[in-house]
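Data first, discussion second: the structure below is written as structure tokens.
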2 protein chains.
Amino acid sequence: MWHPVVMADDAAPPMLTAVLEVARRQLGEVGPTALSLRSIAREIGVVPSALYRYLPGREAILTQLIQTGYERLAAAVREAEEAVPRQDHLGRWLTIWRATRDWALAHPHEYALLYGTPVVGYAAPSSTIEPATAVVLMLARVAIEAHAAGARPAAETQPELAQELRDDARTIQDALPRLGVEAAMPSDPQLVLLVVDAWTTLFGAISFELFGHYERSITARGAHLEALAQRRAAELGIVAAAPSTG
Amino acid sequence: MWHPVVMADDAAPPMLTAVLEVARRQLGEVGPTALSLRSIAREIGVVPSALYRYLPGREAILTQLIQTGYERLAAAVREAEEAVPRQDHLGRWLTIWRATRDWALAHPHEYALLYGTPVVGYAAPSSTIEPATAVVLMLARVAIEAHAAGARPAAETQPELAQELRDDARTIQDALPRLGVEAAMPSDPQLVLLVVDAWTTLFGAISFELFGHYERSITARGAHLEALAQRRAAELGIVAAAPSTG
DNA sequence: GGCCAACGTGAACACTGTTCTCACCCCAGA
DNA sequence: TCTGGGGTGAGAACAGTGTTCACGTTGGCC
């Protein structure tokens with residue numbers, strides 16, 4: 001059992017913030033598994049055991065980094081997306097994809113901590129799964145607003161869906177308002193599932209790129225992600241807004 | 001520098017095979033980063049330094065496990081796929097997806113070693129990237145055979161492709177015969193790129209499932225992967241072969 | 001002024017990967 | 001039959017890790 005410092009946001013001990021600062025800096029250089037508590041203490045100029053006054057152990061540092069990592073990723077993507085005109089749904093959609101990839105390339109080890117092999121144990125603490133939903137929620141918001149503006153999913157990509165999957169879709173749909181997505185959504189479960197599809201593709205592609213699986217096949221990584229984003233947008237019926245002679 | 005035992009397939013030292021056997025067994029329990037050379041030596045009943053007669057270090061064990069891991073995955077998927085009638089392209093396609101997921105669920109740590117955060121260093125040795133292509137090659141073969149049988153990609157999912165991406169597609173296409181895929185393929189780059197898309201989706205979804213990102217959203221994981229496979233098949237024009245009253 | 005709690009130190013333990021020296025043992029050649 | 005010699009594994013050692021615990025010091029409050 002461990003009780004000190006309930007990690008309340010108000011008045012965080014300066015040492016704690018120093019630990020997380022140094023930890024994130026070192027994470028930019030060495031990767032999650034190589035991140036060393038002793039090395040962090042060394043850089044702060046303190047003996048390793050001193051950190052145990054503020055943290056229950058090494059895993060807690062990683063958990064904190066995961067949580068703020070999701071928030072930093074979300075902030076970067078949100079900032080990029082908000083610069084695009086609201087009615088340009090395709091532009092917003094593509095921007096989310098690009099900004100996510102840009103952030104991942106700029107912070108590969110931090111990305112690996114979030115989306116690579118879990119290192120804290122195989123069940124993520126619930127405190128880390130809520131901020132993790134930010135990017136998919138942004139995708140969902142764009143898809144919903146595009147739908148409200150008349151976009152319709154391509155009809156031919158509609159296999160018969162298993163009932164349990166329809167139930168998942170409905171549960172997700174019902175949870176959206178609570179997560180800040182004002183969803184006056186059609187009862188069609190296809191929309192949510194297509195968003196989950198796109199979300200999976202986005203991070204699947206970035207992970208493949210960063211983890212070396214495109215090594216001798218796809219070299220035009222940016223263009224490749226762009227094509228994926230376009231295809232997923234097309235499935236959702238999200239098309240270019242500007243005057244296009246199509 | 002390190003020279004003994006060039007890892008030739010003929011007459012591998014029994015200790016070496018024992019190491020890899022025990023290593024894979026332990027990998028089934030603890031995960032790649034926790035895999036310990038000392039623990040392996042302990043189980044064999046030998047002192048740690050003894051292993052250095054046969055291996056240059058811990059990373060070499062992981063590299064070996066990666067290589068044979070890809071081969072084991074490929075074997076499992078191939079066995080399942082070969083049980084499906086050749087002309088049932090959709091059935092073969094879906095079987096590849098299911099078999100890959102089944103193997104991943106049965107060997108989560110081994111899957112994490114292959115498709116999670118790289119642990120051997122950020123450039124995979126070239127000996128490990130060739131067997132890694134087996135699954136995507138199987139997807140490609142089915143897509144090509146379906147195409148030869150008349151399947152055509154959906155026309156509307158065709159954004160203008162960047163030239164560099166078309167070049168990648170051509171390079172891949174040219175490499176296929178050398179990799180055992182007898183490809184009398186159309187010059188359309190779309191087909192290869194759609195296969196890469198599907199490949200990315202497949203492992204993206206499995207990684208999301210295993211690494212906990214579907215934790216409170218998608219619970220019907222099997223049905224979900226099935227839907228993804230169906231959608232990717234539809235984009236490639238792979239449809240059910242049997243008499244179906246559409 | 002004295003007390004108490006928070007703080008950081010230092011030593012220690014149990015691990016890890018890796019290197020090096022040393023003894024053994026078996027087999028080839030004289 | 002004796003004698004090397006080479007491959008083999010043991011053992012100790014080094015540097016590093018996460019974690020625990022007992023010990024001083026120090027600063028603020030009564």
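Reminder, nothing fancy here: chain letters follow the sequence lines and each chain counts from 1.
B:Phe203 and A:His213 have their aromatic ring centers separated by at least 6.0 angstrom.
One can place CZ of B:Arg58 at 15 Å from P of D:dT17, the figure rounded to the nearest angstrom. Look at CZ on B:Arg53: it is 14 Å from P on C:dC22, rounded to the nearest Å. Atom CD1 of B:Ile40 and atom C1' of C:dG17 are 12 Å apart (whole Å). For the pair A:Gln26 CD and D:dT17 P, the computed distance is 10 Å after rounding to whole Å. For the pair B:Tyr54 OH and D:dG9 P, the computed distance is 4 Å after rounding to whole Å. The distance from atom CG of A:Leu16 to atom P of C:dA6 is 16 Å, rounded to the nearest whole Å. Atom CG of A:Leu51 is separated from atom C1' of C:dT9 by 13 Å (rounded to the nearest Å). The interatomic distance linking B:Arg42 (CZ) with C:dT16 (C1') rounds to 10 Å, in whole Å.
Contact annotation for A:Ser49: base contact, defined as any heavy-atom pair under 4.0 Å involving a base atom. Note on B:Val47: a base of the nucleic acid sits closer than 4.0 angstrom, heavy atoms only.
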### Query
Where do A:Arg72 and A:His107 land on the side-chain contact (heavy atoms from CB on, under 4.5 Å) test, with the steps shown first?
CA-CA 11 Å; A:Arg72 284 158 49 93; A:His107 311 87; 3.9 Å; yes
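Checking side-chain atoms of B:Thr17 against main-chain N and O of B:Pro14 turns up a donor-acceptor pair under 3.5 Å.
The nucleotide whose nearest atom lies closest to any side-chain atom of A:Val46 is, among D:dA10, D:dT20, C:dG8, C:dG8.
Contact annotation: A:Ser36 reaches the phosphate of D:dG18 (side-chain N/O to OP1 or OP2, under 4.0 Å).
For the pair B:Arg232 and A:Asp197, the salt-bridge criterion is met [side-chain N within less than 4.0 Å of a carboxylate O].
Residues A:Arg38 and A:Ala50 both approach DNA chain C. Their nearest nucleotides, taken by heavy-atom distance, put A:Ala50 toward the 5′ side.
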